[in-house]
2 protein chains.
Amino acid sequence: MFAVQRGTPMATQPMATGRPATIHDIAALCGVAASTVSRALTNPERVNIRTRERIQAAAVELNYTPNSQAKALSSGKTGAVGVLVPDITNPFYFDLIRGTQLQLKAAGYTQLLVDTEESDEVEASTLEQLRKSADGVIVAASRLNDEALAAAAARMPMVTVNRDVDGVPAVIIDTPSAMPQALDHLISLGHTSVAYVSGPAVSQSSARRWIALSEAAEERGVDVRRIGPFAPKTQSGAAAADAAVHSGVTACIVFNDLIAIGMLQRLRERGLRVPEDMSIVGCDDIFGADFCNPPLTTMSSPIEQAGRVAVSMLLAQLNPLAGGGNRNRSVMPTHLTVRGSTGPVPST
Amino acid sequence: MFAVQRGTPMATQPMATGRPATIHDIAALCGVAASTVSRALTNPERVNIRTRERIQAAAVELNYTPNSQAKALSSGKTGAVGVLVPDITNPFYFDLIRGTQLQLKAAGYTQLLVDTEESDEVEASTLEQLRKSADGVIVAASRLNDEALAAAAARMPMVTVNRDVDGVPAVIIDTPSAMPQALDHLISLGHTSVAYVSGPAVSQSSARRWIALSEAAEERGVDVRRIGPFAPKTQSGAAAADAAVHSGVTACIVFNDLIAIGMLQRLRERGLRVPEDMSIVGCDDIFGADFCNPPLTTMSSPIEQAGRVAVSMLLAQLNPLAGGGNRNRSVMPTHLTVRGSTGPVPST
DNA sequence: CAGCGATTGGCAATCGGTTGTCAAATGCGT
DNA sequence: ACGCATTTGACAACCGATTGCCAATCGCTG
């Protein structure tokens with residue numbers, strides 16, 4: 001009598017069966033119960049090694065992949081992590097997304113990417129929805145107020161990026177600490193009248209940058225005024241540039257590179273030269289900052305790394321077993337990268 | 001005796017209960033069976049209007065959201081769509097991703113974004129995994145061969161972007177058709193010796209662009225040679241620029257803007273002026289093409305729109321009910337955008 | 001008022017796993 | 001060789017929703 005042949009050409013090249021294999025198929029093939037199959041695959045040491053190996057071989061043979069939905073239902077773990085960004089077209093988040101994507105995939109998680117469209121309502125409802133369909137979330141530049149964010153974090157594992165709220169683990173890209181550096185750079189070029197071009201009013205990042213800058217300015221006795229707010233888009237750069245010119249400053253430190261690049265374009269349109277007539281310092285060092293015209297002096301941030309760290313911190317929350325210090329706050333260093341958009345103060 | 005009070009302050013501001021509400025909670029609150037609740041919410045006309053309204057009110061009150069995992073398990077539909085891109089850091093895909101994200105969200109679907117790292121193996125295994133966890137996939141610039149792609153498409157609803165395989169619905173960004181335009185533009189500037197800087201060898205887009213260009217060149221009696229292949233990254237631009245200079249051409253049509261921008265940088269480093277010494281035409285019109293130095297002449301593509309169309313085509317597959325023509329091929333028009341990187345041929 | 005049909009509610013099976021519980025089988029020591 | 005302890009397989013409940021099927025109810029008509 002012929003036993004079921006294993007390792008035949010057909011078996012080594014399992015054709016696309018109509019329906020993906022389940023543990024029941026494996027169980028039938030091995031003559032054991034489905035639960036045994038489940039155990040053998042998830043808790044191998046609790047099953048006889050010979051049975052286990054038979055089951056594992058059968059799983060390979062049938063090209064078995066666990067159904068993540070079913071797994072999620074019974075185990076309560078979805079194997080997915082939500083990543084919320086305010087604006088998916090902002091290049092800043094590209095790098096962040098890549099960082100999270102890489103690290104999540106390495107850990108066997110799926111990334112659920114959501115663009116919250118700069119809206120706190122979309123953000124809140126997404127968070128609520130994700131509560132069931134994801135094991136945790138990474139929230140970049142949240143537009144939620146502190147209470148709402150803390151409340152959401154209490155309901156599901158969360159790591160924020162660039163948002164500091166008590167009790168919520170966070171990755172902070174420490175651009176503020178580079179502000180004095182940027183200011184000193186401008187001072188060393190002779191500038192004494194500087195503007196801070198601020199970002200969205202609800203952006204905590206923008207607020208923190210302004211505070212750091214104005215403190216540094218006070219210490220050094222330099223005049224720094226604040227203009228804005230401006231939306232973090234290149235299109236906003238036109239208005240920002242006009243406002244900066246009108247304010248009479250000789251240099252600007254800009255909330256982010258997107259606005260800064262927009263300013264560069266506008267200043268050029270208006271026949272003003274950068275840096276001869278106006279120096280510009282951006283923030284973030286996004287894609288494009290190195291090849292715009294002129295190349296942008298900016299605060300370089302390890303954005304992709306920040307994404308990776310955020311994932312690590314989230315995974316540490318999800319699997320507390322991995323011994324040791326669950327940091328709940330991680331500060332990423334930044335530094336000034338001087339390129340062509342800053343120069344000596346106009347001699348006029 | 002007091003009935004359960006509805007509409008009390010507590011009810012209008014449902015506090016975060018430990019566990020999200022299920023249909024059973026609603027059923028208990030309304031004194032009906034869980035299945036009735038299910039029907040009332042998914043198939044309202046099959047339930048008494050009074051009961052239905054009670055149930056709907058209770059659902060609102062309990063802040064009920066259906067558990068997507070459970071829904072997926074029993075209905076077989078996950079409400080998720082996978083989006084596969086070869087390289088998430090390529091700005092080209094940003095726009096595509098934004099397009100898919102917007103359209104998917106509008107249709108109530110969740111986007112599963114995966115970076116396949118330019119690897120056919122990662123792509124294949126992701127596709128297999130997605131078979132169970134997504135209702136369909138959108139595959140951009142697939143690295144799979146035609147058979148593998150067709151086989152995968154046979155197993156689950158799929159739409160490709162920039163990849164034409166028999167039987168697989170596709171959105172094609174018709175950059176090739178703009179190639180003659182680009183060439184005529186260069187010819188009108190006096191160029192007679194042009195190079196095509198090609199992309200990855202496995203890229204069908206690059207191959208199609210080259211074919212269109214060489215045909216147009218032949219018709220016009222212009223010399224067009226091909227150099228490359230180069231990886232679609234700005235870093236590759238240096239080698240591409242050197243190769244172009246060495247080949248002695250006066251103008252380049254480049255596989256994509258990323259490489260083109262890298263070439264711009266390299267040429268500048270080498271002291272060559274664009275467009276005075278060399279004209280450059282890119283493809284795609286990605287973020288950055290308008291503000292690099294000089295601004296890049298390029299073939300503008302409706303990338304975000306392509307993403308939206310891809311989603312529409314996929315949804316049409318998923319819900320065939322919506323009457324009418326299921327196009328299985330959609331061609332997006334492109335056009336030449338002339339900026340500063342092209343100019344008259346050197347007078348030498 | 002009875003009988004009929006149409007409507008509506010509820011039970012239970014099902015999706016594909018996980019996991020607690022129990023019984024069977026094995027191994028060990030004495 | 002016996003008894004106890006331990007290992008290991010099988011059964012069944014459960015996660016949260018969907019859905020086929022049957023029963024109960026309703027309203028209408030004759």
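The structure presented is a predicted model; accordingly, all values stated were derived computationally and were not measured. Chain A is the first sequence line, chain B the second, and so forth, proteins listed ahead of strands; every chain is numbered from 1.
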To the nearest 0.5 Å, tell me how far [X] [atom1] sits from [Y] [atom2].
{"X": "B:D115", "Y": "A:Q101", "atom1": "CG", "atom2": "CD", "result": "5.0 Å"}
{"X": "B:R143", "Y": "B:E123", "atom1": "CZ", "atom2": "CD", "result": "8.0 Å"}
{"X": "A:M156", "Y": "A:L318", "atom1": "CE", "atom2": "CG", "result": "9.0 Å"}

task = Could you pull out all residues at least two apart from B:R39 that satisfy salt bridge (charged side-chain N to carboxylate O under 4.0 Å, His left out)?
result = none
Please state how far atom [atom1] in [X] lies from atom [atom2] in [N], giving the value in whole angstrom units.
{"X": "B:I55", "N": "D:dA17", "atom1": "CD1", "atom2": "P", "value": "13 Å"}
{"X": "A:I26", "N": "D:dG9", "atom1": "CD1", "atom2": "P", "value": "15 Å"}
{"X": "A:E45", "N": "D:dT6", "atom1": "CD", "atom2": "C1'", "value": "16 Å"}
{"X": "B:Q69", "N": "D:dA17", "atom1": "CD", "atom2": "C1'", "value": "12 Å"}
{"X": "B:L62", "N": "D:dG16", "atom1": "CG", "atom2": "P", "value": "14 Å"}
{"X": "B:L41", "N": "D:dA17", "atom1": "CG", "atom2": "C1'", "value": "11 Å"}
{"X": "A:N48", "N": "D:dG9", "atom1": "CG", "atom2": "P", "value": "5 Å"}

key: Donor-acceptor pair, side chain of A:D135 and main chain of A:T78, under 3.5 angstrom   =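 Yes: the side chain of A:D135 pairs with the backbone of A:T78.
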Heteroatom pairs (N/O) under 3.5 angstrom, protein to nucleotides 19-21 of chain D:
from   : atom 1 : to    : atom 2 : distance (Å)
D:dG20 : N7     : B:R39 : NH2    : 3.3
D:dG20 : O6     : B:R39 : NH2    : 2.9
D:dC21 : N4     : B:R39 : NH2    : 3.3

inquiry  = As a test of understanding, state which of A:T126, A:L144, A:I138 forms a side chain to side chain contact (heavy atoms under 4.5 Å, CB included) with A:L84.
reply    =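 Single pass found, and it is A:T126.
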request  = Could you check A:A70 against B:I49 and say which one's nearest nucleotide on DNA chain C is further toward the 5' end?
outcome  =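 Final value for this comparison: B:I49.
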message = If we count only N and O atoms by modelled type, under 3.5 Å, do the side chains of A:Q111 and A:T100 hold a donor and an acceptor together?
response =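 The answer is yes; a qualifying pair exists.
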B:D146/B:R163 salt bridge by N-O under 4.0 Å criterion =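 Yes, charged N to carboxylate O under 4.0 Å.
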request  = Tell me, please, the opening and closing nucleotides of DNA chain C, 5' to 3', among those with an atom under 4.0 angstrom from a non-hydrogen atom of chain A.
outcome  =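 Endpoints of the contacted stretch of DNA chain C: C:dG16 to C:dT21.
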request  = Determine the contact category for B:V37: base if any of its heavy atoms lies under 4.0 Å from a base atom, sugar-phosphate if only primed atoms, P, OP1 or OP2 are that close, otherwise nothing.
outcome  =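 The residue B:V37 makes no contact with any strand.
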task = Report the C-alpha distance between A:L102 and A:V311 in whole Å, list the side-chain angles of each, state the deciding distance to 0.1 Å, and finish with yes or no for side chain to side chain contact (heavy atoms under 4.5 Å, CB included).
result = CA-CA 9 Å; A:L102 289 178; A:V311 170; over 6 Å; no
